[in-house]
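Working notes, structure below.
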Amino acid sequence: MFSNCVISRNFQHSCKLLIVGGGSGGCTMAAKLSKYERDLIILEPNDKHYYQPMFTLIGGGMKTISQSCSSTKSVIPKNVNWIQDKVKSFNPQGNIVTTSNGDTINYDYMVVSVGLQYNYDQIIGLREALDKKDSGVCTNYSSQYVEKTYQVLQNFNGGNAIFTFPNTPIKCAGAPQKIMYIAEDYLRRKGKRNKANIIYKTSTPAIFGVKKYAQKLQQICNARNISVGTRQNLIQIDSIQNKATFEFLDEENKTESLEYSMLHVTPPMGPPDVLMKSSLSNSAGYLDVDPYTLRHNVYGNVFGIGDCTSCPTSKTGAAVAAQSIVVLKNMINVMNGKNIKEKYDGYTSCPLVTGYSKCILAEFDYDLKPLETFPINQGNELRIMFLMKKHALPFIYWNIMLKGYWNGPKTIRKIMHFGLD
């Protein structure tokens with residue numbers, strides 16, 4: 001029996017099972033798989049692990065960054081070997097991964113969970129604006145910048161408050177507008193709402209991908225006098241003149257520049273470069289897996305989980321939870337020479353926070369059909385869902401999911417709906 005530790009450099013490692021990436025997907029799979037396989041290595045460079053769904057609440061001043069953070073060592077099972085390094089290259093033909101330090105890891109089976117990377121430089125001036133203390137430009141998507149959002153909100157005294165959604169897949173598709181509703185509520189409570197022009201600029205054709213929730217969200221925007229512009233994409237920020245420039249995706253060569261006092265930017269995102277350059281990726285750069293079994297379409301000893309996969313579903317922690325049991329059962333069967341049977345239905349969830357006390361709990365599947373857990377209309381703004389988002393979900397994440405015991409709410413849903421779901 002060995003304890004969880006950082007492996008020192010000895011240049012060559014081998015294991016039966018390798019997990020690349022120690023975010024929510026990687027740590028969840030480490031917890032699950034370590035109950036079945038002891039010869040397991042996890043490759044993860046960061047010494048801090050963040051519960052990223054809490055960043056929305058941090059941006060609104062409801063939580064602190066320290067409440068969202070734990071040490072990576074504490075969330076990796078003690079019987080799993082941790083190599084604190086970054087993947088440099090994949091060689092799935094040879095079952096080898098190379099690290100940034102030049103080490104090699106030979107594996108029999110691999111789980112890829114490398115998440116998404118933020119491509120700040122795809123928006124001209126974004127990095128500079130985020131790094132300027134008094135720029136009014138912020139983002140909830142990074143532990144480096146999330147605390148700035150609340151500072152910008154507190155300093156807001158009037159003008160345009162703009163919130164953006166880029167022309168790429170992103171983590172949690174509801175998050176760009178969650179902070180908008182929180183900001184609107186904050187300004188109303190502080191008596192500044194009449195000085196603010198709140199604007200949502202999204203590259204998508206609708207405010208949300210699921211019709212039921214989109215209709216409710218549009219009603220909320222109409223009632224709160226929030227302007228929604230679709231098929232518009234932020235391309236440049238001038239942090240000296242405080243101007244943001246947007247392209248109109250359906251009108252060639254048409255752009256618009258707006259002054260801002262507050263600009264919350266969701267950065268463009270994509271698969272990590274190391275994945276895009278490997279033969280593991282599809283034409284778009286994502287890990288090429290079967291959307292139902294989560295097994296790689298070419299390399300049968302490779303599985304994927306989380307944001308980096310080609311699964312056509314919203315990229316959330318809830319999706320990771322639902323995918324984890326599928327990956328576990330199918331990997332165990334493959335390792336034992338059996339056929340795989342478990343299938344992922346595309347379940348994902350997005351708690352759409354609409355202020356400091358209400359939340360719409362969106363749950364849906366691959367077909368963008370609601371797949372709700374509770375026997376009530378989750379399309380309504382409910383305080384109980386806000387409390388669940390604020391208190392219950394972080395507890396589940398740290399104490400149940402990362403310990404390998406949470407597979408999403410499927411069983412609860414069946415109980416709630418008397419087994420009819």
Out of curiosity, [X] [atom1] to [Y] [atom2], how far, rounded to the nearest 0.5 Å?
| X | Y | atom1 | atom2 | result |
| --- | --- | --- | --- | --- |
| Ile332 | Ile340 | CD1 | CD1 | 13.0 Å |
| Gln219 | Arg224 | CD | CZ | 12.0 Å |
| Asp39 | Leu17 | CG | CG | 8.5 Å |
| Asn282 | Thr309 | CG | OG1 | 9.5 Å |
| Gln84 | Asp47 | CD | CG | 5.5 Å |

Provide the closest heavy-atom pair for [X] versus [Y] in the form atom of the first, atom of the second, distance.
| X | Y | result |
| --- | --- | --- |
| Glu256 | Phe248 | CB-CE1, 3.6 Å |
| Ala31 | Gly404 | CB-N, 3.5 Å |
| Ile237 | Ala129 | CG2-CB, 3.9 Å |
| Thr230 | Thr204 | CB-O, 3.3 Å |
| Tyr356 | Asp185 | N-OD2, 2.8 Å |
| Ser324 | Thr28 | CB-CG2, 3.7 Å |

Which residue, [options], forms the side-chain contact (heavy atoms from CB on, under 4.5 Å) with [X]?
| X | options | value |
| --- | --- | --- |
| Met54 | Lys389, Met62, Gln67 | Gln67 |
| Val87 | Val112, Leu43, Leu275 | Leu43 |
| Val302 | Val111, Leu280, Leu18 | Leu280 |

Trace of the side-chain contact (heavy atoms from CB on, under 4.5 Å) decision for Ile58 with Tyr150: CA-CA 7 Å; Ile58 295 171; Tyr150 191 52; over 6 Å; no

Main chain of [Y], side chain of [X]: is a donor-acceptor contact present, judged purely on distance under 3.5 Å?
| X | Y | result |
| --- | --- | --- |
| Asn377 | Gly379 | yes |
| Glu184 | Ile226 | no |
| Ser261 | Gly158 | yes |
| Gln236 | Thr245 | no |
| Asn160 | Ile162 | no |
| Lys315 | Asp307 | yes |
| Lys201 | Phe246 | no |
| Asn157 | Asn155 | yes |
| Thr348 | Ala318 | no |
| Lys178 | Pro351 | yes |

Tyr181 six-ring centre to Lys216 NZ/CZ under 6.0 Å and within 45° of normal: no

Evaluate the side-chain proximity of [Y] to [X]: yes if any heavy-atom separation is below 4.5 Å, no if none is.
| X | Y | answer |
| --- | --- | --- |
| Ser135 | Leu130 | no |
| Leu294 | Asn330 | no |
| Lys410 | Ile325 | no |
| Phe163 | Pro176 | no |
| Val137 | Tyr260 | yes |
| Val289 | Gln323 | no |
| Tyr141 | Pro267 | yes |
| Phe208 | Leu352 | yes |

Step-by-step side-chain contact (heavy atoms from CB on, under 4.5 Å) determination, Asn407 to Leu328: CA-CA 10 Å; Asn407 304 319; Leu328 173 68; over 6 Å; no

Just checking, is any N or O donor in the side chain of [X] or [Y] under 3.5 Å from an acceptor N or O on the other one?
| X | Y | value |
| --- | --- | --- |
| Ser142 | Lys148 | no |
| Tyr299 | Ser279 | yes |
| Glu44 | Thr72 | no |
| Asp273 | Gln117 | yes |

More than 12 heavy atoms of other groups within 6.0 Å of [X] [atom1]:
| X | atom1 | answer |
| --- | --- | --- |
| Lys211 | NZ | no |
| Glu252 | CD | no |
| Asn339 | CG | no |
| Lys190 | NZ | no |
| Ile376 | CD1 | yes |
| Ile384 | CD1 | no |
| Lys243 | NZ | no |
| Lys86 | NZ | no |

side-chain contact (heavy atoms from CB on, under 4.5 Å) between Ile198 and Asn225, intermediate numbers included: CA-CA 8 Å; Ile198 298 180; Asn225 194 27; over 6 Å; no

side-chain contact (heavy atoms from CB on, under 4.5 Å) assessment of Met110 paired with Asn301: CA-CA 6 Å; Met110 178 170 65; Asn301 62 336; over 6 Å; no

Aromatic ring pairing His49/Trp398, orientation class (parallel under 30°, perpendicular over 60°, tilted between): perpendicular

Geometric class of the Phe55/Tyr50 ring pair [parallel <30°, tilted 30-60°, perpendicular >60°]: perpendicular

Trace of the side-chain hydrogen bond (donor to acceptor under 3.5 Å, both in side chains) decision for Glu247 with Asn233: CA-CA 5 Å; Glu247 62 178 346; Asn233 181 48; 2.8 Å; yes

Intermediate values then yes/no, side-chain hydrogen bond (donor to acceptor under 3.5 Å, both in side chains), Thr164 and Thr266: CA-CA 6 Å; Thr164 73; Thr266 301; 4.8 Å; no

Audit row: Asp131, Tyr145, side-chain hydrogen bond (donor to acceptor under 3.5 Å, both in side chains) steps and yes/no: CA-CA 8 Å; Asp131 288 333; Tyr145 299 116; 2.8 Å; yes

